Amino acid sequence: MNPIVFPKHANSLVKKYLSQKVCTVLEHQKTDSGFTLAKAINSGLKNPDSAIGIYAGDAQSYKTFSLIFDPVISEYHKGVETLKHESDLTEIELPCLDPENKYIQSTRIRVARNLKGFCFPCYMKLFERRKLEKKILSTLSSLTGNLKGSYYSLELDDKEKLNPLKTKNLGFQKGDRFQDAAGINSDFPKYRGVYLSFDEQLMVWINEEDHLRIISLEKSSDISSVYKRLCQTVTALNQSLDFAWDSTYGNLTSCPTNIGTAMRAGVHIQLEKLEKNKDILFKLIKAYNLQIRGTCGEKTKIQNAVFDISNYQRFGVSESEILLNLHAGLVAIIKAEQNL
Ligand code: DAR
């Protein structure tokens, strides 16, 4: 294999830690499904502005290529003393943050899950995607009560005007250039779709960046209620689906930024005063180890002072720690907005 040369201006974590020595050790390694280092880092090579630059093609990638995954994971998930994950997906009661919804427009908590025995989305053959969609759909069809809903395939063409995917923004778009270079868009939109509960407060994306993105959302600031729905769904799905899990890394995901809890919990919050005093906001974001994304998600802009604020760390923390910290951070942020 030719020596791996990242573009000079690239400053991804994979470039930082993939020394020539590590490369020499890993470049001839393959996982049982045939996934290689070259495939894992293709996105980081093709996109010099990658922050991370590496994806896993299957569960085994994290062990086979641990020489590069471990340092990337330790740096991204700051404060990971021991690479060990404890999960505690149990319901939690938190005081309502913003009862009149003066600031918080919506709350969204999602977890990523991948099924044991399947390659991950960046390295799936077409038959695997079909088999996976079928397997997950049969489990989703057994959801009851407020979790009951319908599935909308992305393959339905424009004639299906009733398809909410055409009329509502359910968020599942074709992967960005980073995901494209990783192979996540192969055979798009085949065997992809969104399960939507009838009350539209639960979505399950199938075959996006991970096999499953389980998303609970409400136009409220009630973190407890949103999280309760998520816990109910994951527990129900886990009755018949085996998730890819590792005693060290926790839930295994395509991107190493999502391992562990694989949970991103956040709100859309309008902060008109803090938008004009961003230094105060950024100080609070840093103090509570949170992250800001654009109004329409990752790598998008802030519109009308509506910020997407969520947890930064997913690994080396438990789900309850993430929620308690998010809640505390939002109390402080709303207080700062009110004081301005
Ligand atoms: N854009 C890729 C991945 C960053 C994390 N976001 C994910 N996994 N959706 C990068 O390396 O910057």
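Counting convention: from 1, in listed order, for ligands and their atoms alike. As the structure is a computational prediction, the values presented were derived from the model and not from experiment.
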### Query
Charged N to carboxylate O below 4.0 Å: is that the case for Arg264 and Asp308?
yes
### Query
Is Glu208 salt-bridged to Arg192, cutoff N-O under 4.0 Å?
no
### Task
Kindly assign one of parallel, tilted or perpendicular to the pair His77 and Phe315, based on the angle between their ring planes and the thresholds 30° and 60°.
perpendicular
### Query
For ligand 1, which atoms sit closer than 4.0 Å to a heavy atom of Tyr55?
2 (C), 3 (C)
### Query
Should you measure from each heavy atom of Phe178, which atoms of ligand 1 turn up under 4.0 Å away?
1 (N)
### Query
For Cys255 and ligand 1, does the shortest N/O to N/O distance drop below 3.5 Å?
no
### Task
Answer yes or no: does an N/O atom from Gln179 fall short of 3.5 Å to an N/O atom of ligand 1?
no
### Task
Could you list all the salt bridge (Lys or Arg N to Asp or Glu O under 4.0 Å) pairs where at least one residue sits in residues 42-53, not counting sequence neighbours?
Asp49-Arg177
#### Entry: Lys63 NZ: over 12 foreign heavy atoms closer than 6.0 Å
yes
### Query
If you count the non-hydrogen atoms of other residues, nucleotides and ligands that lie under 6.0 Å from NZ in Lys125, is the total more than 12?
yes
What protein heavy atom lies closest to [atom]? Include the residue and the distance to one decimal.
atom                    : answer
atom 12 (O) of ligand 1 : Ala51 N, 2.8 Å
atom 6 (N) of ligand 1  : Glu298 OE2, 2.6 Å
atom 8 (N) of ligand 1  : Glu209 OE2, 2.9 Å

### Message
Ring centroids only, cut at 6.0 angstrom: are Phe35 and Phe120 within range, meaning strictly under it?
### Response
no
#### Entry: Proximity flag Gly53 to ligand 1, non-hydrogen atoms under 4.0 Å
yes
### Task
Check each heavy atom of Thr257 against ligand 1 and say whether those closer than 4.0 Å belong to the side chain, the backbone, both or neither.
side chain
## Note on the structure
The answer for which part of Tyr76 has a heavy atom under 4.0 Å from ligand 1 is neither
